[in-house]
Asker: 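Please find one structure pasted underneath; my questions will follow.
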There are 2 protein chains.
Amino acid sequence: MLTIGKLGAQAGVKVPTIRYYEQIGILPEAERSAGNQRLYSRKALERLAFIRHARDLGFTLEAIRDLLSLSDNPDQSCAAADAIAKAQLAEVESRLARLTALKAELERMVVQCAGGRIADCRVIEVLGDHSLCTTDHRHPESEASA
Amino acid sequence: MLTIGKLGAQAGVKVPTIRYYEQIGILPEAERSAGNQRLYSRKALERLAFIRHARDLGFTLEAIRDLLSLSDNPDQSCAAADAIAKAQLAEVESRLARLTALKAELERMVVQCAGGRIADCRVIEVLGDHSLCTTDHRHPESEASA
DNA sequence: TTAATGTCTCTAGCAACTATAGCTTCAAGG
DNA sequence: CCTTGAAGCTATAGTTGCTAGAGACATTAA
């Protein structure tokens, strides 16, 4: 049995985060020692590692909750897990595309900074004028006039 | 003079977001009509477009606050603006590298989903075992035992 | 035994908004 | 002129995923 600190060290998760996960119900309530301290089994460590890893991959806690409930009933089809992973992949691909465009624009900005006065600085200028963008990186939820 | 709704439509920013920006002081307090409604000039539209664009590029509101205060005193050196943009570029590059690794791992997960039962699902399995990762995408702030 | 460290609960804070409630103002049609 | 509906106002609370603090109790090593 591990105390919360050891568990956190082994899983790479901070102690308050573990308590938070318990609070929001993605970790079950831990057993307690005589002195009321949380004690964790190897199974708990695995579950926490799963969560940590999924968080690293950018899954939301909601998606992780779904994945965990899937893995808690291992006899059903894995279509749902597949769908969650595919959605996550699509998310990541879209973020990648956006970031790639941003990187190009930022590089242009930095290169063009002549080291002069602010009044001539391309960084400020480019940011002030959206029409100087070559690429279109619009948020999906903003449908205002272009 | 534009009402807040027109301003938002033109800049591609939602109305409550504009009021929020005023509240936290990155937009100045707007003039008011006789009936207490906010009125905006063309200058305000430019400032809001600047903010919107910088947000699109991933700058935090704090960074934007700095950039705005720079552009409000256009006679100094643009070194500070350059530094902010460079920091942002580094951020973006690091996020890009992480996301690229994540994408590869998610693709592997999805490809390997055999469509069978959860018990055999690679999505769940891969998430449960960090050692199956080929790539190391560790958050900079997590320095726990590996 | 004592000091240091770890853990406990609880509350509040962070970014960057978004949503709701209950009101007032404005513009257009009849 | 009046009404109706959209758009505006303020204020407060909620969101996500933690993180930080206060003040008290537990455990461990010297």
Side-chain angles (χ1 to χ4, degrees), chain A residues 1-27 29-40 44 48 50-68 88 91 95 139-145, chain B residues 1-27 29-40 44 48 50-68 88 91 95 139-145:
Chain A
M1 287 301 203
L2 303 163
T3 57
I4 196 168
K6 316 279 184 201
L7 179 74
Q10 295 210 20
V13 175
K14 286 178 191 150
V15 167
T17 304
I18 298 171
R19 289 196 279 248
Y20 169 72
Y21 286 164
E22 178 181 310
Q23 187 193 308
I24 65 168
I26 73 171
L27 283 181
E29 295 199 9
E31 290 178 59
R32 299 298 181 116
S33 72
N36 196 37
Q37 302 198 344
R38 289 175 181 81
L39 292 177
Y40 295 93
L48 183 55
F50 181 104
I51 296 166
R52 161 81 207 276
H53 194 183
R55 287 293 298 137
D56 273 358
L57 287 167
F59 289 85
T60 64
L61 287 177
E62 261 326 291
I64 292 170
R65 205 189 287 275
D66 292 347
L67 288 169
L68 283 169
Q88 186 56 25
E91 249 296 302
R95 275 193 276 160
H139 288 303
E141 68 274 15
S142 56
E143 53 243 359
S145 73
Chain B
M1 286 303 204
L2 302 163
T3 58
I4 196 168
K6 316 280 184 202
L7 178 74
Q10 295 209 22
V13 175
K14 286 179 191 149
V15 167
T17 304
I18 297 172
R19 290 197 278 247
Y20 168 71
Y21 285 164
E22 177 180 312
Q23 188 192 308
I24 64 168
I26 73 170
L27 282 181
E29 295 199 9
E31 290 177 59
R32 298 299 182 116
S33 73
N36 197 36
Q37 303 197 343
R38 288 174 181 81
L39 293 177
Y40 295 93
L48 184 55
F50 181 105
I51 295 167
R52 161 81 207 276
H53 193 185
R55 289 292 299 135
D56 273 359
L57 288 168
F59 289 86
T60 64
L61 287 177
E62 261 326 291
I64 292 169
R65 205 190 286 275
D66 291 348
L67 287 170
L68 282 168
Q88 186 56 26
E91 249 298 303
R95 276 194 276 161
H139 290 298
E141 69 274 15
S142 56
E143 52 243 357
S145 74

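Residue numbering restarts at 1 for every chain, and letters A, B, ... go by the order of the sequence lines.
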Asker: Round to the nearest Å and state the distance from A/I24 atom CD1 to D/dT15 atom P.
Answerer: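 My rounded result for the distance is 12 Å.
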
Asker: Can you check whether B/Y21 has a side-chain N or O nearer than 4.0 Å to OP1 or OP2 of C/dA16?
Answerer: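 Indeed not, no polar side-chain atom of B/Y21 lies that close.
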
Asker: Which whole-number value in Å describes the distance from B/L2 CG to C/dC26 C1'?
Answerer: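 To the nearest whole Å, that distance equals 16 Å.
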
Asker: Would one find a side-chain N or O of B/T17 under 4.0 angstrom from OP1 or OP2 of C/dT18?
Answerer: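 So the side chain of B/T17 is within the cut-off, an N or O lying under 4.0 Å from OP1 or OP2 of C/dT18.
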
Asker: Can you tell me how far OH of A/Y40 sits from CE of A/M1, rounded to the nearest 0.5 angstrom?
Answerer: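 Those atoms lie 11.0 Å apart.
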
Asker: So B/R55 and B/Y21, do their side chains get closer than 4.5 Å, heavy atoms only?
Answerer: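 A side-chain contact under 4.5 Å exists here.
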
Asker: Looking at every non-hydrogen atom in both residues, tell me the closest pair between A/E22 and A/A30 and how far apart they are.
Answerer: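 For A/E22 and A/A30, the tightest heavy-atom pair comes out as OE1-N, 3.5 Å.
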
Asker: On DNA chain D, compare the nucleotides closest to A/E62 and B/Y40; which residue's is nearer the 5' end?
Answerer: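 Nearer the 5' end of the strand: B/Y40.
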
Asker: From OH of B/Y20 over to C1' of D/dT10, roughly how many Å is that when rounded to an integer?
Answerer: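 Rounded to whole Å, this separation is 17 Å.
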
Asker: Just by modelled atom types, is the A/V13 backbone N or O under 3.5 Å from a matching donor or acceptor in the A/R52 side chain?
Answerer: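 No.
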
Asker: D/dA7 C1' sits how many Å from B/I18 CD1, rounded?
Answerer: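 Result: 13 Å.
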
Asker: Give the B/S/- string for nucleotides 5-12 of chain C, one per nucleotide from 5' to 3', where a protein heavy atom under 4.0 Å of the base yields B, of only the sugar-phosphate yields S, and otherwise -.
Answerer: -BSSB---

Asker: Which pair of non-hydrogen atoms, one from B/N36 and one from B/R32, has the smallest distance, and what is that distance?
Answerer: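 Here B/N36 and B/R32 meet closest at O-NH1, 2.8 Å.
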
Asker: Return the value, rounded to whole Å, for the distance between atom CZ of B/R65 and atom C1' of C/dA15.
Answerer: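 After rounding, the gap between these two atoms is 12 Å.
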
Asker: Counting only pairs under 3.5 Å, give me each side-chain donor-acceptor contact of residues 58-66 of chain B, with atom names and distances, residues two or more places apart or in other chains.
Answerer:
unit_1, atom_1, unit_2, atom_2, d
B/T60, OG1, B/E62, N, 3.4
B/T60, OG1, B/A63, N, 3.0
B/E62, OE2, B/R65, NE, 3.0
B/R65, NH1, B/I24, O, 3.1
B/R65, NH2, B/I24, O, 3.3

Asker: Using the closest heavy atom to pick a nucleotide of DNA chain C for each, name whichever of B/F59 or B/S33 lands nearer the 5' end.
Answerer: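 Nearest-nucleotide comparison on DNA chain C picks B/F59.
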
Asker: Looking at A/I18 and A/I4, what are the two nearest heavy atoms and their distance?
Answerer: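 For A/I18 versus A/I4, the nearest heavy atoms are CD1-O, 3.8 Å.
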
Asker: Roughly how many Å is it from NZ in B/K14 to P in C/dC17, rounded to a whole number?
Answerer: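 The distance from NZ of B/K14 to P of C/dC17 comes to 10 Å, rounded to the nearest Å.
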
Asker: Measure the distance from CE on A/M1 to C1' on D/dT27 and round it to the nearest whole Å.
Answerer: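 After rounding, the reported distance stands at 18 Å.
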
